[in-house]
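In what follows, chains carry the letters A, B, and so on, assigned in the order in which the sequence lines appear, proteins first and then strands, with residues in each chain numbered from 1.
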2 protein chains.
Amino acid sequence: MTSAESGFRGIPGSAPAGGRQSPDEAGATLGLAARLRVAIPSVADRVAAELRLQLAEGLLLPGARLTESTISEELGVSRNTVREAFAELAAERLVIRQPNRGVFVASLGPGDIHDVYTVRRFIEVSAIRGGGSPERVAAVRAAVEEGRAAATADDEEALGTANQHFHGAIVAMAESRRLNTIMGQVLAEMRLFFHKATVDAHFYRSYLDDNEAICEALEAGQLERAADLLLAYLNRSEQKQRAVHGD
Amino acid sequence: MTSAESGFRGIPGSAPAGGRQSPDEAGATLGLAARLRVAIPSVADRVAAELRLQLAEGLLLPGARLTESTISEELGVSRNTVREAFAELAAERLVIRQPNRGVFVASLGPGDIHDVYTVRRFIEVSAIRGGGSPERVAAVRAAVEEGRAAATADDEEALGTANQHFHGAIVAMAESRRLNTIMGQVLAEMRLFFHKATVDAHFYRSYLDDNEAICEALEAGQLERAADLLLAYLNRSEQKQRAVHGD
DNA sequence: AATCCTCGGATTGTTCAACAATTCCTGGAT
DNA sequence: ATCCAGGAATTGTTGAACAATCCGAGGATT
């Protein structure tokens, strides 16, 4: 039980996961063909994916310590490999490395909350102002409906992810790989930290109408109005979060 | 000469460098004091810093291959450590990791150019619209003057960095740690790839007046006008870059 | 009693050496 | 010219070792 067999509970072979998904597109200058392979993720990547998962599930709470040797044994991989995974997660701000002390699940201070929302305001509002193709707008609509369904099903967890999908879909309208990954990281950071806020049953639920209104404005081509609504939404959301947490 | 002594040419002890500079602010939940240490960067961090430097200087051209063993020997560090440094750089997109093939200096395809400028449009324009404290505005002005000085001194290299400082200062107005690092990464990415464009002596020079105009509008409190100017600037800049490079 | 010091134990940082897996190149054989 | 070995080179991963650092527990000092 100490070694390999038990490792990697959830990971189903596939999982190109979150991290780096494009070992491509630069091959023009050198290599030539073949880059169309399935790209099997390295062990370090899979470890990172597993930890990301546990982080998202709330199994690892902010401030918790991640010991190299423990994870190394639990997942049946080398300590060195765990170390590489940590580097990945640290780059995504999901984890913080304190030299000679260890890595800890990231936790946001009051300043960070404002910071995160600043990033969201900049990116999301700009994105919605630029509008998007019909398919992208449809994706936003789909996220709204997804939230509705989760609400009637009383599934708070699904409600949270639907909300994330909504905001992800808004940014996706910009058709920018970089913006998408940035937004993805910010959302992951938030989900990680605001997990305990999910306890409040009506927390996300109150956002359903906002999302609906924003989506309608978007579909009607009233981009400025949609932008205003979104901005107000983000400001209100920030206030709520700051009320719930420290500050 | 094969081992340690020759390693780390430029690095002067200090160098908190670019990577992670905040092993802090999360300690609230657990530890307590002491976090005010100088935070000596790990070897991996210093290796990453050194490579970042070589990248910025244009010593390593896009598409070039970075062999683990070579760098390991050149800098007198373990292969494993080099590996960790690579992870850092890969997270910053300065380098691309191709599984089982190696890491290569990143190079931007035509799509990436548009992508990078999209990010810049989103962030920089939003930032300028929000304005900033007098000190921040003064920093923007300082960057403009820095560019002027570099122009009269005929120092193309300094002209480029001054331009980066200008745009960095604009984003800095938002007072957001995350936006600053994002912008820093994007600028690093650009500098890396557009290095050869520096050859064109009048490339950056033509931007001096633009920067001046933007700065004036900013100082006059005409934020919308400043935003419009900046947007036009970015669009023009993108066109130029796409003209110079592939597409 | 409170503070300071020292000493272990535990964990991280880093190196080294090995081996499997993969890619790339070269040299025939067809 | 194409295709198919086979071998060199490089990456991916492991395991073990050691120095450096941090942390907590006693003990000594005032």
Side-chain angles (χ1 to χ4, degrees), chain A residues 2-5 7-8 19-20 23-24 27 29-50 64-90 95-104, chain B residues 2-5 7-8 19-20 23-24 27 30-50 63-90 95-104:
Chain A
T2 65
S3 61
E5 283 72 27
F8 295 114
R20 175 165 19 279
D24 194 333
T29 56
L30 31 115
L32 31 103
R35 207 93 313 114
L36 29 143
R37 201 74 45 94
V38 202
I40 294 174
S42 77
V43 175
D45 286 333
R46 283 184 324 218
V47 171
E50 166 69 11
R65 178 175 194 165
L66 298 182
T67 319
E68 294 182 358
S69 52
T70 302
I71 297 181
S72 163
E73 290 170 13
E74 273 182 14
L75 274 61
V77 300
S78 160
R79 204 164 64 93
N80 256 322
T81 304
V82 173
R83 201 151 236 283
E84 275 200 53
F86 281 170
E88 252 184 68
L89 298 179
V95 121
I96 289 190
R97 228 170 181 167
Q98 295 189 349
N100 286 319
R101 293 187 24 98
V103 316
F104 303 84
Chain B
T2 65
S3 61
E5 283 72 28
F8 293 117
R20 178 163 19 279
D24 194 333
L30 32 114
L32 30 103
R35 207 91 319 110
L36 27 141
R37 200 72 46 94
V38 202
I40 294 175
S42 76
V43 176
D45 285 334
R46 284 186 323 223
V47 171
E50 167 68 12
R65 179 176 195 166
L66 298 182
T67 318
E68 293 183 357
S69 53
T70 302
I71 297 182
S72 162
E73 291 171 11
E74 274 181 12
L75 272 61
V77 300
S78 159
R79 227 186 83 203
N80 254 323
T81 305
V82 174
R83 204 151 234 283
E84 276 199 52
F86 281 169
E88 255 184 65
L89 298 179
V95 123
I96 287 188
R97 227 169 181 167
Q98 295 189 348
N100 286 318
R101 293 187 24 95
V103 314
F104 304 84

When you measure from the side chain of Ser78(B) to the backbone of Asn80(B), do you find a donor-acceptor pair of N or O atoms at a distance under 3.5 Å? yes
Grab the CD-P distance between Gln98(B) and dA21(C) for me, whole Å please. 22 Å
How close or far is atom P of dT23(C) from atom CZ of Arg97(B), stated in whole angstroms? 16 Å
Between Val103(A) and Arg97(A) the two heavy atoms that sit nearest each other are CG1-CG, 3.5 Å
What's the CD-P distance between Glu68(B) and dT22(C), to the nearest Å? 16 Å
Out of dT11(D), dC16(C), dT14(D), minimum distance to the side chain of Ser78(B) belongs to dC16(C)
Write down the distance between CG (Asn80(A)) and P (dT11(D)), rounded to a whole number of angstrom. 16 Å
Minimal non-hydrogen separation, Ala44(A) against Glu84(A), with atom names: CB-CB, 3.9 Å
Starting at CZ of Arg65(A) and ending at P of dC22(D), how long is that distance when rounded to a whole Å? 12 Å
Mapping Asn100(A) and Gly102(B) to their closest nucleotides on DNA chain D, which lands nearer the 5' end? Gly102(B)
Interatomic distance where CZ belongs to Arg79(B) and P belongs to dC19(C) [whole Å]: 14 Å
Gap between atoms CZ and P, on Arg83(B) and dT10(D) respectively (whole Å): 14 Å
Rounded to the Å, how far apart are Glu84(A) CD and dT11(D) P? 13 Å
Residues Ala48(A) and Glu88(A): closest non-hydrogen pair is CB-OE1, 3.5 Å
5′-ward residue of the pair Thr67(B)/Thr81(A) relative to DNA chain D: Thr67(B)
Phosphate-side-chain proximity, Ser42(B) and dT14(C), N/O vs OP1/OP2 below 4.0 Å: yes
